[in-house]
Amino acid sequence: MSSDTDVSLSSYDEDQGSKLIQKAREAPFVPTGMAGFAAIFAYGLYKLKSRGNTKMSVHLIHMRVAAQGFVVGAMTLGMGYSMYQEFWAEPKP
């Protein structure tokens, strides 16, 4: 076998952390959406004990709607940012 056909597998040796960092640089609003979802989820668990007379199902629905709203908002901002970079921003040399 010749050395011309050897394929370097160094590009496949990336760990998960570097892949996440690379994806975060490509789409910065994805980690923002994930962090917001986690924060709303944590807040919902914290407020679970002090929900008062509110039914459990209503509390869970409110937390789900808040988390989904944050993620959809982050996705919308990310799409707007991506469109701005593609169509209106000056290209980087």
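Each residue takes its place number in the sequence, starting with 1.
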inquiry  = Running the 4.5 Å side-chain criterion over Ile, Leu, Val, Met, Phe, Trp and Tyr, what cluster does F87 land in, apart from itself?
reply    = M79, M83, Y84, W88

query = How would you list all residue pairs meeting ring pair (Phe, Tyr, Trp, His ring centres under 6.0 Å) that involve residues 34-56, not counting sequence neighbours?
reply = none

key: 4.5 Å side-chain heavy-atom contact, M63 and L48   = no

ask   = Between F70 and I40, what is the shortest heavy-atom contact and its length?
value = CB-CD1, 3.7 Å

ask   = What side chain to side chain donor-acceptor pair (under 3.5 Å) pairs are there with at least one residue in residues 69-81, not counting sequence neighbours?
value = Y81-Q85

Closest non-hydrogen atom pair, G33 against A74 = CA-CB, 3.7 Å

key: Listed once per pair and sorted, the side chain to side chain donor-acceptor pair (under 3.5 Å) pairs that draw on residues 47-66, sequence neighbours left out   = R64-Q68

message = Suppose clustering is done on Ile, Leu, Val, Met, Phe, Trp and Tyr with side-chain heavy atoms closer than 4.5 Å. Which residues sit in the same group as V65?
response = I61

